[in-house]
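Predicted, not measured: the structure shown is a model, and the values here were computed from it.
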Amino acid sequence: MKMRTEIAAGVAAAIMISLVGCGSSDVPAGPPEIEATDIAIVSGYHQNAVTPPINNSEILKAIEYSTRNNGSVTIVVNDGDPAAVVDFEIDESAVSGLSEARLEQQISEVIDSTNNALASSKANDPEVDTFEAIKQAARGLTGEAGDKCLYILDSGLSTEGELNVLSENLHRLIDVQPIVDKLQKDHALPDLTGVQVVWIGLGDAADKQEDLTSRNKNTLKELWEAVLTTSGAEVTFKNLPLTEEGSTDRELPEVTPIPIVHDSNDFDPLQVNQVKPLFNGDEATFVDRDDAVSELSPIVDYLLEHPDYTVILAGTTATAGTNEQCKELSLRRAEAVRQLMIDMGTSRDSDQTCDWLGI
């Protein structure tokens, strides 16, 4: 884990509450939508995401509001090993004798240095661990409930850590609740009680990362919303104009692309055999092969009429056993269905992909 670093420590220590003056010349006038004294920002400037809107007026106003109200600011860079590049709390005790002009100058210096740090907060390490970045940012929110705000400027396409979207695979992620339940059981969720979360740029991909389908984006939103609300936060997702499209000349560390099934928004998963079990317990053998043939017949007939269609066979299991055991059994069940469909007449060479859910 990289150590946190601080900027403008000497200047920050000399700031006290002040609502007078014109403020930094680069910051739009007026208060932010969420008037929070303690703020944290996760900056997702990495290869598989578009450049985050670091100059967004709402973000700049939030930084100024926090600085002028004796608050704290934490900025975490999201990459494979997230770290805070800004982490300070305003101390009003050191400036009791300053003139109004000198105080205003120091406030502006802190605001400008913080904005500059945010603007240069690019990824340093390969891959992306968004969940860890959020947890680090949460540690900087030590104020009272209702006076804390977390801004996440990120695609949410995490490829490392405890919440790895790459390993989950969005196209087969039907129910996010088991993931959240496991994080809760492992005591891995951050404490976001009383924190307002504003997420900007969720699902916005760049460079080698293929664009997400609408279904993929919705699944990604459901996943992160469930994680954050279970952690105690109130979450708002915003679609703001992007500052800059991703490009290969940004010289950012490599991030493994997440596989995207582009036609996944054209169909709803078809669940067979919802009345009685298709498989024997803890096995990949059919309870009754004739019943299985009857269940699959309409699907096979349809595929024979549309031989160019792609089929994803996703097996499931009960929740008993380890995660790896569930994955292995669900894959064997998908393979059993594929073989039966071949026996029923579908081509062995047709595009039938076996997958697993493990739940």
Side-chain angles (χ1 to χ4, degrees), residues 41-56 59 77-80 82 121-123 125-134 151-161 163-176 179 197-228 235-270 308-312 314 351 353 355-357:
I41 302 170
V42 171
S43 177
Y45 194 175
H46 41 77
Q47 191 186 67
N48 71 351
V50 298
T51 305
I54 52 179
N55 292 320
N56 176 263
I59 303 298
V77 173
N78 183 20
D79 56 18
S121 57
K122 297 182 180 181
D125 294 284
E127 305 302 342
V128 181
D129 190 348
T130 307
F131 189 54
E132 177 60 30
I134 291 173
Y151 294 91
I152 304 176
L153 316 179
D154 195 81
S155 66
L157 296 172
S158 184
T159 62
E160 289 257 322
L163 218 170
N164 186 340
V165 179
L166 180 63
S167 67
E168 297 298 342
N169 275 350
L170 289 174
H171 74 269
R172 67 169 176 243
L173 188 56
I174 296 176
D175 185 7
V176 303
I179 298 174
V197 174
V198 178
W199 197 310
I200 302 172
L202 183 74
D204 293 331
D207 291 342
K208 298 178 182 179
Q209 177 59 55
E210 295 183 80
D211 289 339
L212 275 64
T213 66
S214 58
R215 185 181 295 275
N216 291 152
K217 284 188 176 182
N218 186 62
T219 301
L220 192 67
K221 179 182 176 182
E222 289 179 356
L223 176 62
W224 283 114
E225 187 171 28
V227 169
L228 294 170
V235 188
T236 301
F237 294 94
K238 288 191 173 184
N239 295 317
L240 298 181
L242 303 177
T243 59
E244 173 185 331
E245 290 292 342
S247 59
T248 54
D249 62 0
R250 295 189 299 171
E251 297 183 354
L252 296 168
E254 288 290 320
V255 176
T256 304
I258 295 172
I260 300 298
V261 178
H262 286 281
D263 61 351
S264 65
N265 60 335
D266 296 330
F267 67 88
D268 291 312
L270 177 61
D308 57 330
Y309 274 29
T310 296
V311 182
I312 299 175
D351 194 357
T353 303
D355 214 334
W356 46 261
L357 296 178

Margin query: Walk me through whether L157 and V255 qualify under side-chain contact (heavy atoms from CB on, under 4.5 Å).
Written below: CA-CA 10 Å; L157 296 172; V255 176; over 6 Å; no
Notebook entry, point to check: Is there a donor-acceptor contact under 3.5 Å from the side chain of S158 to the main chain of T130?
Noted result: yes
Note to self: Given V128, which partner from the list N48, T256, D79 fulfils the side chain to side chain contact (heavy atoms under 4.5 Å, CB included) test?
What the structure shows: N48
Check: What are the two closest heavy atoms between E210 and A205, and how far apart are they?
Finding: O-CB, 3.7 Å
Checklist line | CD-NE2 distance between E254 and H46, expressed to the nearest 0.5 angstrom | finding: 13.5 Å
Check: How long is the span from the CG atom in L220 to the OG atom in S155, to the nearest 0.5 Å?
Finding: 7.5 Å
Next item on the list: For Q209, check side chain to side chain donor-acceptor pair (under 3.5 Å) against everything at least two apart and list the hits.
Entry: none
Notebook entry, point to check: So, do S121 and V77 sit near enough that their side-chain heavy atoms are less than 4.5 Å apart?
Noted result: yes
Notebook entry, point to check: Closest approach of S43 and P52, non-hydrogen atoms and distance?
Noted result: OG-CG, 4.1 Å
Next item on the list: Supply the atom-to-atom distance I179 CD1 to N164 CG, rounded to the nearest 0.5 angstrom.
Entry: 10.5 Å
Notebook entry, point to check: How long is the span from the CG atom in L163 to the CG atom in L223, to the nearest 0.5 Å?
Noted result: 5.0 Å
Item checked: Short N-O contact, E251 and K122, less than 4.0 angstrom -> no
Margin query: Quick check: do I134 and L228 have side-chain heavy atoms less than 4.5 Å from each other?
Written below: yes
Notebook entry, point to check: In chain order, what residues pass the salt bridge (Lys or Arg N to Asp or Glu O under 4.0 Å) check against K221, with sequence neighbours excluded?
Noted result: none
Note to self: I need the I200 CD1 to F237 CZ distance, nearest 0.5 Å.
What the structure shows: 11.5 Å
Next item on the list: Keeping the roles fixed (side chain from D129, backbone from G80), state whether a donor-acceptor pair exists under 3.5 Å.
Entry: no
Margin query: As an exercise, state the distance from CH2 of W224 to CD1 of I152, rounded to the nearest 0.5 Å.
Written below: 7.5 Å
